[in-house]
K.L.:
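What follows is a structure written as structure tokens; I'll ask about it next.
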Amino acid sequence: MSDKKPKNRIYKPKKISGFPEWLPEVKRAEQKWFDEIRRVFESYGFCPIETPSVEELDAINAKGGDGESDADKEIYVIERLHKQEGDKESRLALHFDQTVPLARYTAQHFNDLVFPFKRYQMQRVWRGERPQAGRFREFYQCDIDVINVDNLPLHFDAEMPAIIWEILSSLPGMENENIQIRISNRKILMGYLQSIGITDNKKIIKITRAIDKLAKQGNQHVIGKDVDKFGGDNNGFILLDDKGNISTPSTRSEIDTEIIENITNFIEVTTVKYNSSDELEDALTNNRHFDTSNQMLKEGIEELAFVMDQLSHLPEGAVVADLSIVRGLDYYTGTVYETVFTDDPSYGSICSGGRYDDLASNYINKKLPGVGISIGLSRLFDRIRLKGNLPLSGISPADILITLPSEEARPTVMEAAQQLRKNGLNVETFHSPAKDKKQFAYAEKKGIRYIWFIPTEGEANHSVKDLTTGDKFSTTPQDWKAK
RNA sequence: GCGGUCGUAGCUCAGCUGGUAGAGCCCUCGGUUGUGGUCCGAGUGGUCGCGGGUUCAAACCCCGUCGAUCGCCCCA
């Protein structure tokens, strides 16, 4: 009797949370998305670049200015496993978006770039946050940005959503999704806060986040009702009731009642979505609560109205002005975008961006305003995939599998394969002589449509069988064309 | 960083109130099938996430730990 085989210790493979990977058929579908996105980007004249996965940590942190920002925690820093005492090397960090690398890139290659610099970039980015539905630690973003020297025409602010709309409505599997691009302009909120006397940066951040949250939770949520619920040290100080109205300041309030009232007025306006520039201007300009003599507020309204006008050719509801969109990243200074599934806004934005006045000012002594938008490809893709709406077209990209009846036939098989490839077909040859059953089953499983037979003795022609229909054709490698 | 749920074959899971593990799929082989997709049969595969405790006895109870997942913060 045989002894028990010694078991070799196996390192059992595990999923790494937040780092998705796909089977071939899904990856093929993802590649088609990349192809389509690239096609549209290039059709508008954007050119490709790729930056390293890492930036120097100092360079990434340069944008904040404040030093300790929330973004710090999301960054992965890399180090050598075998680093030694006293090794001198710059600290490298995986980039968490493509905007900061773009700023650095633009500054670094300033002399060699043609402005306005229009580039697209489709790479992975990394965020050190806790994964959950639609949230990854490693994911793809597809960015387009335009950067110019000194001034950047507002026209570009309108071009971004137009491009995005074109892409989102052409990606395979997205046919039945209801998507909306929501646009605002930070100058409106900033100008408004300025006009009611709020200038403290920390207060501004809290207010913007409260407004942001309010909109995303569909007015259901309460900020600060249970202060601790909203994350230990991040004390919400704006208290909203279930209808989304600011009620009383919490015990930790840093803000007085009059201002609360003012913000309530503002929120009334922000929770409406405006379909046209006229609606928007009516609501804001003629609102007695707004001091439109404030220059920044006025500019914001005008800019947003301009952008809306430029986008009036898009279908109704595709793009709306939504003043609750304020965006977390603090480098945005004007137009801001978010994109949501209208039937499930809480899934999060699938496509965001905005305008920044001088993102590169930390890297170069020039004023380089830009505007850009980023498709959260992984989040979008995963949603469509999980809904089962992703069109899959087989594991293999091969159109044809040539059977190998015997080892002697291999040269003929190879020759036929080469000829077919020259004609633009993807061809795989079966790897070893085997029963037809095995070779057929292989083609079937890999989703290869045609099986090719070289001539048997006495036959002049090759033959092809279409597995989807069962039809068989007599032909030659030179002549055959897939129907 | 915080909270909820979960962790049994490669995958999806079953395993009643504790008595030392099962199904389907996958995979391999054989048969059937006008050259494959069907059907039938056989086989491979698990120290029940890991560690400790309670017990005569634990996949099942307790503690810890790790992992996954969902949510909060934040964000694509």
Side-chain angles (χ1 to χ4, degrees), chain A residues 4-5 7 9-20 23 69-75 95-99 122-143 164 205-206 208-209 212-213 216-217 221-223 226-236 325-330 337-341 346-354 372-383 401 403 405 430 434-453 456 463-472:
Chain A
K4 272 187 180 171
K5 274 187 290 186
K7 290 254 163 61
R9 264 294 162 203
I10 286 181
Y11 177 83
K12 195 171 174 176
K14 293 174 289 198
K15 266 187 227 176
I16 301 178
S17 178
F19 290 77
L23 290 170
S69 75
D70 279 340
D72 291 337
K73 295 179 212 153
E74 294 189 357
I75 299 173
H95 58 230
F96 64 91
D97 69 7
Q98 296 180 124
T99 307
M122 307 195 291
Q123 293 180 228
R124 294 202 222 239
V125 304
W126 293 266
R127 297 276 254 218
E129 57 185 296
R130 265 302 178 28
Q132 52 195 277
R135 318 272 310 265
F136 304 104
R137 278 142 68 173
E138 174 179 74
F139 56 97
Y140 281 105
Q141 287 194 167
C142 304
D143 284 34
I164 292 305
I205 288 173
K206 287 189 176 182
T208 53
R209 283 187 184 161
D212 185 53
K213 185 63 61 184
K216 279 191 183 133
Q217 305 292 346
H221 237 289
V222 177
I223 303 286
D226 175 5
V227 168
D228 296 326
K229 191 175 163 195
F230 289 89
D233 51 0
N234 188 17
N235 317 319
I325 303 300
V326 291
R327 311 251 52 235
L329 293 167
D330 48 1
Y337 317 100
E338 282 193 9
T339 310
V340 294
F341 294 103
S346 63
Y347 185 70
S349 177
I350 48 170
C351 201
S352 310
I373 195 161
S374 169
I375 302 174
L377 183 126
S378 299
R379 173 178 285 182
L380 186 58
F381 183 79
D382 200 42
R383 162 119 179 166
L401 174 75
T403 59
F430 201 75
K435 288 185 182 175
D436 282 345
K437 178 183 172 114
K438 276 192 93 168
Q439 305 202 32
F440 272 69
Y442 179 79
E444 182 73 29
K445 272 189 279 191
K446 287 192 79 176
I448 301 174
R449 181 168 176 186
Y450 296 98
I451 293 209
W452 188 282
F453 306 90
T456 53
S463 57
V464 195
K465 177 165 176 152
D466 182 341
L467 286 181
T468 58
T469 61
D471 295 342
K472 214 170 163 183

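Within every chain, numbering begins at 1; the chains are lettered A, B, ... in the order of the sequence lines, protein sequences first and strands thereafter. Just so you know, these numbers use all the heavy atoms, side chains as well, and skip hydrogens, waters and symmetry mates.
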K.L.:
B/G67 and B/G49: how far apart are their P atoms, nearest whole angstrom?
P.N.:
16 Å
K.L.:
May I have the distance from A/Glu129 (atom CD) to B/C2 (atom P), rounded to whole angstrom?
P.N.:
16 Å
K.L.:
Hunt down the Watson-Crick or G-U wobble partner of B/A42, both distances under 3.5 Å, from any strand shown, or write none.
P.N.:
B/U28
K.L.:
With the criterion being N/O to N/O and under 3.5 Å, what pairs connect the protein with nucleotides 67-70 of chain B, and how long is each?
P.N.:
| from | atom 1 | to | atom 2 | distance (Å) |
| --- | --- | --- | --- | --- |
| B/A68 | OP1 | A/Ser17 | N | 2.9 |
| B/U69 | OP2 | A/Ser17 | OG | 2.2 |

K.L.:
Do any N or O atoms from the side chain of A/Ser374 and from the backbone of A/Ser352 form a donor-acceptor pair under 3.5 angstrom?
P.N.:
no
K.L.:
Separation of A/Lys465 atom NZ from B/G34 atom P, in whole Å?
P.N.:
11 Å
K.L.:
When you measure from the side chain of A/Arg379, which nucleotide among B/G37, B/C75, B/G31 comes out closest?
P.N.:
B/C75
K.L.:
When the C1' atoms of B/G4 and B/A9 are compared, how many Å lie between them, rounded to an integer?
P.N.:
29 Å
K.L.:
Does the side chain of A/Phe139 reach to within under 4.5 Å of the side chain of A/Val125, using non-hydrogen atoms?
P.N.:
yes
K.L.:
Could you write out each protein N or O paired with an N or O of nucleotides 7-10 of chain B at a distance under 3.5 Å?
P.N.:
none

K.L.:
Between A/Gln141 (CD) and B/C75 (P), how many Å, whole number?
P.N.:
13 Å
K.L.:
With rounding to the closest Å, how many angstrom separate the P atoms on B/U8 and B/G51?
P.N.:
16 Å
K.L.:
Just the rounded figure in Å: distance from P of B/G37 to NZ of A/Lys446.
P.N.:
19 Å
K.L.:
A/Phe96 CZ to B/C74 C1': how many Å, rounded?
P.N.:
12 Å
K.L.:
Could you list the residues that satisfy ring pair (Phe, Tyr, Trp, His ring centres under 6.0 Å) with A/Phe430, not counting sequence neighbours?
P.N.:
A/Tyr442
K.L.:
Reckon A/Ile350 touches a base, only the sugar-phosphate, or nothing at all at heavy-atom distances under 4.0 Å?
P.N.:
sugar-phosphate
K.L.:
Under the salt bridge (Lys or Arg N to Asp or Glu O under 4.0 Å) test, which residues partner A/Arg135, sequence neighbours left out?
P.N.:
A/Glu129
K.L.:
What pairs with A/Arg130 under salt bridge (Lys or Arg N to Asp or Glu O under 4.0 Å), at least two apart in sequence or on another chain?
P.N.:
none
K.L.:
A/Tyr347: what forms a ring pair (Phe, Tyr, Trp, His ring centres under 6.0 Å) with it, not counting sequence neighbours?
P.N.:
A/Phe341
K.L.:
Side chains of A/Leu467 and A/Glu444: closer than 4.5 Å at any heavy-atom pair?
P.N.:
yes
K.L.:
Which of these nucleotides, B/C74, B/G36, B/G30, is closest to any side-chain atom of A/Phe440?
P.N.:
B/G36
K.L.:
Could you check which nucleotide pairs with B/C72 in any of the strands shown, counting Watson-Crick or G-U wobble with both distances under 3.5 Å?
P.N.:
B/G1
K.L.:
Any idea which of B/C74, B/C75, B/G37 is nearest the A/Arg127 side chain?
P.N.:
B/C75
K.L.:
Look at all strands and tell whether A/Tyr442 reaches a base, only sugar-phosphate, or nothing, counting heavy atoms closer than 4.0 Å.
P.N.:
nothing
K.L.:
If we ignore hydrogens and angles and just use 3.5 Å, is the side chain of A/Gln141 paired with the main-chain N or O of A/Asp97 as donor and acceptor?
P.N.:
no
K.L.:
Could you work out the separation of B/G45 and B/G10 based on their P atoms and round it to a whole Å?
P.N.:
11 Å
K.L.:
Suppose you measure atom C1' in B/A57 against the same atom in B/G53; what distance do you get, rounded to whole Å?
P.N.:
15 Å
K.L.:
Base, sugar-phosphate or nothing for A/Tyr140? Non-hydrogen atoms, less than 4.0 Å.
P.N.:
nothing
K.L.:
Mind checking the C1' distance from B/G22 to B/U55? Whole angstroms is fine.
P.N.:
26 Å
K.L.:
Can you list the residues that meet the ring pair (Phe, Tyr, Trp, His ring centres under 6.0 Å) rule with A/Phe136, with sequence neighbours excluded?
P.N.:
none
K.L.:
Can you give me the N/O atom pairs linking the protein to nucleotides 24-28 of chain B at distances under 3.5 Å, or say none if there are none?
P.N.:
| from | atom 1 | to | atom 2 | distance (Å) |
| --- | --- | --- | --- | --- |
| B/C27 | OP1 | A/Lys445 | NZ | 3.0 |

K.L.:
So, does A/Arg127 use its side chain to make a donor-acceptor pair with the main chain of A/Glu74 at under 3.5 Å?
P.N.:
no
K.L.:
The criterion is side chain to side chain donor-acceptor pair (under 3.5 Å); which residues satisfy it with A/Thr456, sequence neighbours excluded?
P.N.:
A/Glu459
K.L.:
Round to the nearest Å and state the distance from A/Glu338 atom CD to B/C74 atom C1'.
P.N.:
12 Å
K.L.:
Expressed as a whole number of Å, how far does the P atom of B/A23 sit from that of B/A42?
P.N.:
11 Å
K.L.:
For A/Asp436, which residues count as a side-chain contact (heavy atoms from CB on, under 4.5 Å) partner, sequence neighbours excluded?
P.N.:
A/Phe440
K.L.:
Quick one: list whatever passes side-chain contact (heavy atoms from CB on, under 4.5 Å) with A/Thr339, sequence neighbours left out.
P.N.:
A/Leu168, A/Ile179, A/Ile181, A/Ile350, A/Cys351
K.L.:
Counting only Watson-Crick pairs (N1-N3 plus N6-O4 or O6-N4) and G-U wobbles (N1-O2, O6-N3), all under 3.5 Å, who is the partner of B/G64?
P.N.:
B/C50
K.L.:
Just call it for A/Ser374: base, sugar-phosphate, or nothing, with non-hydrogen atoms closer than 4.0 Å on any strand.
P.N.:
nothing
K.L.:
Can you name the residues that form a salt bridge (Lys or Arg N to Asp or Glu O under 4.0 Å) with A/Lys438, not counting sequence neighbours?
P.N.:
none
K.L.:
Specify the residue among A/Leu467 and A/Lys437 whose closest nucleotide of RNA chain B lies further upstream toward the 5′ end.
P.N.:
A/Lys437
K.L.:
Whole angstroms only, please: what is the CD-P distance between A/Gln98 and B/C75?
P.N.:
18 Å
K.L.:
Determine the interatomic distance between P on B/C75 and the same-named atom on B/G3; round to the nearest Å.
P.N.:
22 Å
